[in-house]
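For reference, the structure discussed in these notes is given below.
Every value quoted in this text rests on a predicted model; they were computed, and no experiment measured them.
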Amino acid sequence: MLCFSLLAWGYWYNLSLQALPAVQPQPIYQGSSREKEIALTVNVFWGEEYLPQMLDILEKEKVQATFFIGGQWAEQFPGLTRKIHQKGHEIGSHGYAHPHPDQLSVSGNLQDIRRAEEVLVKITGERPKLFAPPYGEHGPAVLQAAWEAGYRTILWSVDTVDWQRPEPQVISSRVLEKAHNGAIVLMHPTAPTVEALPVIIKELKARGYRLITVSHLLRHLEGDQQPGTTNKT
């Protein structure tokens, strides 16, 4: 009986290994620490009233950012979504309905990601390649679903926590105090973020940082020994 149980367990274990991808998906927190580059990212599921101002600032400063846009939001504001894309900014996926991804199965996450993809492709004509999970949740089911859908899961190494709407100087200080090579900065469209953004951009430029999209940031990860798996700082 024991022998049979061991054999059954071994059979199940081998099947479970076969079900796993050859390379386990991992979230990306930052780019290469060797490059003086920073990516500004904006998660969009609300705050549409502040996006035109953010776009004007980015255009004036000649900076391209990465906007992770929720599919449900994009359906409500297709013109604004298209404008972000036409301004040359990178469009990533923020899922469709902004669920708690860690509460969904792999199939549930896949459904949400693919539904968002359909919306974003219809509006912009391009398929997103990057996925920023809502709430930053990145359990195994989330990572597996993103990997199966062909996305790289993007988190951050500098969090403005601007959704709490602190004073603009608090937002700029959070970025400037933690700025580092390869940083991915998380922002949202809020009034204080709009006010802090010019200060952040000017100071980062003054320090010699190149402000680029996440996809450009990731190009320099290939030579790193542990690309993209560094803990948040």
Side-chain angles (χ1 to χ4, degrees), residues 23 25-45 51 54-55 57-59 61-71 73-74 80-96 113-114 116-134 136 138 142-143 145-160 175 179-189 197 200-201 204-205 209-230 232-233:
V23 178
Q26 292 295 324
I28 295 168
Y29 294 95
Q30 64 181 60
S32 173
S33 60
R34 299 176 299 174
E35 302 291 335
K36 204 166 180 63
E37 301 170 336
I38 287 178
L40 300 180
T41 72
V42 185
N43 284 3
V44 182
F45 205 79
L51 282 168
M54 295 186 79
L55 292 175
I57 293 167
L58 292 168
E59 184 174 20
E61 296 295 335
K62 296 180 172 59
V63 171
Q64 289 186 333
T66 299
F67 288 78
F68 291 101
I69 297 179
W73 182 90
L80 192 47
T81 302
R82 194 174 296 111
K83 183 178 180 180
I84 294 171
H85 180 257
Q86 291 173 342
K87 291 286 186 181
H89 300 291
E90 180 173 40
I91 302 293
S93 174
H94 198 39
Y96 179 78
I113 292 170
R114 286 172 174 160
E117 180 178 303
E118 290 179 6
V119 174
L120 294 173
V121 168
K122 183 178 180 181
I123 294 172
T124 69
E126 291 186 14
R127 177 188 176 278
K129 300 177 182 178
L130 307 176
F131 172 61
H138 57 281
V142 184
L143 298 177
W147 182 85
E148 288 186 18
Y151 288 78
R152 303 181 80 175
T153 301
I154 307 299
L155 298 179
W156 60 85
S157 61
V158 178
D159 190 355
T160 61
V175 175
H180 61 87
N181 287 6
I184 296 176
V185 179
L186 173 61
M187 302 184 295
H188 299 81
L197 189 56
I200 292 170
I201 292 174
L204 290 178
K205 284 184 175 180
Y209 286 107
R210 297 183 298 277
L211 301 179
I212 59 179
T213 63
V214 172
S215 285
H216 280 88
L217 195 75
L218 299 184
R219 291 179 183 178
H220 293 129
L221 279 175
E222 295 177 0
D224 288 359
Q225 290 183 347
Q226 295 181 328
T229 56
T230 308
K232 287 186 284 183
T233 57

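- Two residues are said to be in side-chain contact when any heavy atoms from C-beta on lie closer than 4.5 Å; V142 and T153 fail this criterion.
- Proximity of a side-chain donor or acceptor of H220 to a complementary backbone N or O of L218 within less than 3.5 Å is not detected.
- Atom CG of L211 sits about 10.0 Å away from atom CD1 of I200, to the nearest 0.5 Å.
- In terms of heavy atoms, V119 sits closest to G71 at CG1-O, 3.5 Å.
- Side chains of Y209 and N181 form a contact here, defined as non-hydrogen atoms less than 4.5 Å apart.
- Legend: residues meeting side chain to side chain donor-acceptor pair (under 3.5 Å) with Y151, ordered by chain and number and at least two apart, are E117.
- We find the CH2-NE2 distance between W73 and H94 to be 11.5 Å, quoted to the nearest 0.5 Å.
- R114 contributes atom CZ, which lies 12.0 Å from atom OG of S93 (distance to the nearest 0.5 angstrom).
- Contact annotation: the side chain of I154 never approaches that of Y29 to less than 4.5 Å [non-hydrogen atoms, C-beta and beyond].
- Note: M187 CE to D159 CG = 11.0 Å, rounded to the nearest 0.5 Å.
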**Working for side chain to side chain contact (heavy atoms under 4.5 Å, CB included), residues L130 and F68** = CA-CA 8 Å; L130 307 176; F68 291 101; 3.7 Å; yes

**Request:** Show your reasoning for whether side chain to side chain contact (heavy atoms under 4.5 Å, CB included) applies to L40 and Q64.
**Result:** CA-CA 8 Å; L40 300 180; Q64 289 186 333; over 6 Å; no

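- Counting only N and O atoms by type, the side chains of S157 and H180 include a donor and acceptor under 3.5 Å apart.
- By the neighbour-count criterion of 12 heavy atoms within 6.0 Å, atom NZ of K122 is sparsely surrounded, having that number or fewer from other residues, nucleotides or ligands.
- M54 is listed as a side-chain neighbour of V42, based on a closest heavy-atom distance under 4.5 Å.
- The two atoms that bring V63 and K205 nearest to each other are CG2-CE, 3.9 Å, heavy atoms only.
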**Message:** What verdict does the side chain to side chain contact (heavy atoms under 4.5 Å, CB included) test give for I69 and F45, after you've listed the backbone C-alpha separation in whole Å, the side-chain angles of each residue and the deciding distance to 0.1 Å?
**Reply:** CA-CA 6 Å; I69 297 179; F45 205 79; over 6 Å; no

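- Side-chain contact check for H216 versus R210: every heavy-atom pair is 4.5 Å or farther apart.
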**Asked** Between K129 and E90, does a salt bridge (Lys or Arg N to Asp or Glu O under 4.0 Å) hold up when you go through it step by step?
**Response** CA-CA 10 Å; K129 300 177 182 178; E90 180 173 40; over 6 Å; no

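- Across all their heavy atoms, P25 and W147 have their closest contact at CB-CB, 3.7 Å.
- Within the 4.5 Å cutoff, the side chain of I113 has heavy atoms near those of the F131 side chain.
- The closest donor-acceptor contact from the side chain of E37 to the backbone of L217 lies at 3.5 Å or more, if one exists at all.
- The shortest distance between side-chain heavy atoms of P133 and L155 falls below 4.5 Å.
- Separation of atoms CD1 (I57) and CG (L197) is listed at 5.0 Å; rounding is to 0.5 Å.
- Counting heavy atoms of neighbouring residues, nucleotides and ligands inside a 6.0 Å radius, atom NE2 of H85 exceeds 12 of them.
- With H89 contributing its side chain and T66 its backbone, the two residues share no donor-acceptor pair below 3.5 Å.
- Side-chain contact between L55 and K83 is present, with heavy atoms from C-beta onward closer than 4.5 Å.
- Taken to the nearest 0.5 Å, the OG1 atom of T213 stands 12.0 Å off from the CZ atom of F67.
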**Test log, rule side chain to side chain contact (heavy atoms under 4.5 Å, CB included), inputs L186 and N43** = CA-CA 7 Å; L186 173 61; N43 284 3; 3.5 Å; yes

